[in-house]
Amino acid sequence: MVELRCDPGWVEEQLQEFFEDEGGPLGVGEAASPEVLEYFEGIFPASTLQIWRTIGFDGFAGGRHWITNPLEWAPAVESWLEGVELPFPDQRWWCITRTPMGSMQLWGEISGPALEVSAVLGSLWPDGSAQRNMADPVMRERMGCNQLLSLSEDVVTDDVTGRPLVDVGFERFGTLAADEVFALVPAYCLVGHKEASMLSVEPAVAHVAFLGQSTQPEMMPDMLATFGGEIADLLAAQ
């Protein structure tokens, strides 16, 4: 059994706060099977597995946040990272959460929650600070909880109206199922524009994998790595 280096009661408190703020699970997902829990024991922090045992893989915040089964999402991750040079050591990456439009928060087995995939726009967002925090066992456990309970936003907007496309998707199609995403058809990477009239509902993993295969990902700057030292100096001087 993996030793939990942060209080299990603290994890339960974070869950309760999350439910109070965002509401409970939608109830459309799946429980974390013993096989999945056993597979990832020692790969993910014990706090992550504790949350999986408690709430499984499901949607929250009205379907704006999804805790994912990393094994099911492995094909999508592989399609995005194949042949891409990352600013991290070689390692296996897993999808731990995703948005309604398929953006993924990835967890590296060495670097932790250090990479986000913006699926519609085709960009990769590294976070070197997460890798540094992984060296601290307590911080690793806390990140294993906090990342699952941290909502990411779909910031893609309609080129004409400026409205968030995810808002239009919920208005038009309602809440997604666990295996669905809102998608632009044809994809933005193929046509270069984004309009609400292009929205549809597609199979989640297959569509995000298709986007990865069809996109040359753009590696975005690690803002904390670029400016983190300057910010730390400013805080220290205050």
Side chains of [X] and [Y], heavy atoms from C-beta outward: is any pair under 4.5 Å?
{"X": "Trp52", "Y": "Asn69", "value": "no"}
{"X": "Leu106", "Y": "Ile96", "value": "no"}
{"X": "Glu22", "Y": "Arg64", "value": "no"}
{"X": "Leu86", "Y": "Met219", "value": "yes"}
{"X": "Glu35", "Y": "Glu38", "value": "no"}
{"X": "Phe60", "Y": "Leu149", "value": "no"}
{"X": "Leu81", "Y": "Trp93", "value": "yes"}
{"X": "Trp94", "Y": "Ile43", "value": "yes"}

Self-check item: side chain to side chain donor-acceptor pair (under 3.5 Å) between Gln105 and Ser152, intermediate numbers included
Solution: CA-CA 8 Å; Gln105 175 64 56; Ser152 298; 5.0 Å; no
Using the rule that Ile, Leu, Val, Met, Phe, Trp and Tyr join whenever any side-chain heavy atoms are under 4.5 Å apart, tell me whether [X] and [Y] fall into a single cluster.
{"X": "Trp66", "Y": "Leu115", "answer": "yes"}
{"X": "Leu165", "Y": "Met104", "answer": "yes"}
{"X": "Leu211", "Y": "Phe182", "answer": "yes"}
{"X": "Leu151", "Y": "Ile51", "answer": "yes"}
{"X": "Phe88", "Y": "Met139", "answer": "no"}

Quiz item: Quick one: do the Ser129 and Gln131 side chains pair a donor with an acceptor below 3.5 Å?
Solution: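 No, no side-chain donor-acceptor contact under 3.5 Å.
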Quiz item: Would one find more than 12 heavy atoms of other residues, nucleotides or ligands at under 6.0 Å from atom CD of Glu12?
Solution: yes
Shortest non-hydrogen separation from [X] to [Y] and the atoms involved:
{"X": "Val11", "Y": "Cys145", "value": "CG1-SG, 4.2 Å"}
{"X": "Gly122", "Y": "Thr215", "value": "CA-CG2, 3.7 Å"}
{"X": "Ala187", "Y": "Phe210", "value": "CB-CE2, 4.2 Å"}
{"X": "Val208", "Y": "Ala119", "value": "CG1-CB, 4.5 Å"}
{"X": "Gln91", "Y": "Glu109", "value": "OE1-N, 3.3 Å"}
{"X": "Thr68", "Y": "Cys95", "value": "OG1-O, 2.9 Å"}

With rounding to the nearest 0.5 angstrom, report the [atom1] to [atom2] distance, [X] to [Y].
{"X": "Met143", "Y": "Phe44", "atom1": "CE", "atom2": "CZ", "result": "12.0 Å"}
{"X": "Glu218", "Y": "Ser123", "atom1": "CD", "atom2": "OG", "result": "6.5 Å"}
{"X": "Asp179", "Y": "His207", "atom1": "CG", "atom2": "NE2", "result": "14.0 Å"}
{"X": "Ser118", "Y": "Met220", "atom1": "OG", "atom2": "CE", "result": "9.0 Å"}
{"X": "Ile55", "Y": "Leu148", "atom1": "CD1", "atom2": "CG", "result": "7.5 Å"}
{"X": "Glu20", "Y": "Leu15", "atom1": "CD", "atom2": "CG", "result": "11.0 Å"}

Practice problem: Could you tell me whether Glu171 and Arg163 make a salt bridge, using a distance below 4.0 angstrom between a side-chain N and a carboxylate O? | Solution: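 Here Glu171 pairs with Arg163 in a salt bridge, since their nearest N and O are under 4.0 Å apart.
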Quiz item: What's the verdict on salt bridge (charged side-chain N to carboxylate O under 4.0 Å, His left out) for Arg92 and Glu78, showing C-alpha distance, side-chain angles and the deciding distance?
Solution: CA-CA 9 Å; Arg92 186 75 185 268; Glu78 292 168 4; 3.2 Å; yes
Exercise. Quick one: do Tyr39 and Leu71 satisfy side chain to side chain contact (heavy atoms under 4.5 Å, CB included)? Show the steps, please.
Key: CA-CA 9 Å; Tyr39 184 94; Leu71 289 176; 3.9 Å; yes
Examine distances only and state if a side-chain atom of [X] and a backbone atom of [Y] form a donor-acceptor pair shorter than 3.5 Å.
{"X": "Asp58", "Y": "Gly29", "answer": "yes"}
{"X": "Asp158", "Y": "Glu195", "answer": "no"}
{"X": "Asp159", "Y": "His193", "answer": "no"}
{"X": "Asp154", "Y": "Met101", "answer": "yes"}
{"X": "Ser111", "Y": "Ala114", "answer": "no"}
{"X": "Glu141", "Y": "Ala46", "answer": "yes"}

Quiz item: Can you list the steps and then say if Lys194 with Val156 is a side chain to side chain contact (heavy atoms under 4.5 Å, CB included)?
Solution: CA-CA 8 Å; Lys194 317 178 296 295; Val156 184; 3.3 Å; yes
Self-check item: Verdict with supporting geometry, Ser79 and Gln213, side chain to side chain donor-acceptor pair (under 3.5 Å)
Solution: CA-CA 6 Å; Ser79 73; Gln213 295 163 0; 5.2 Å; no
Exercise. Evaluate side chain to side chain contact (heavy atoms under 4.5 Å, CB included) for Leu199 paired with Arg172, printing each intermediate quantity in order.
Key: CA-CA 9 Å; Leu199 279 173; Arg172 185 177 301 169; 3.9 Å; yes
Practice problem: Evaluate the criterion side chain to side chain donor-acceptor pair (under 3.5 Å) for residue pair Ser200 and Glu202; output intermediate values, then yes/no. | Solution: CA-CA 6 Å; Ser200 70; Glu202 300 292 330; 2.9 Å; yes
Quiz prompt | Six-ring centre of Trp10, Arg142 cation under 6.0 angstrom, axis tolerance 45° | solution = yes
Quiz item: Checking side chain to side chain contact (heavy atoms under 4.5 Å, CB included) for the pair Met198/Val185: CA distance, chi angles, key distance, verdict?
Solution: CA-CA 5 Å; Met198 301 159 59; Val185 180; 5.8 Å; no
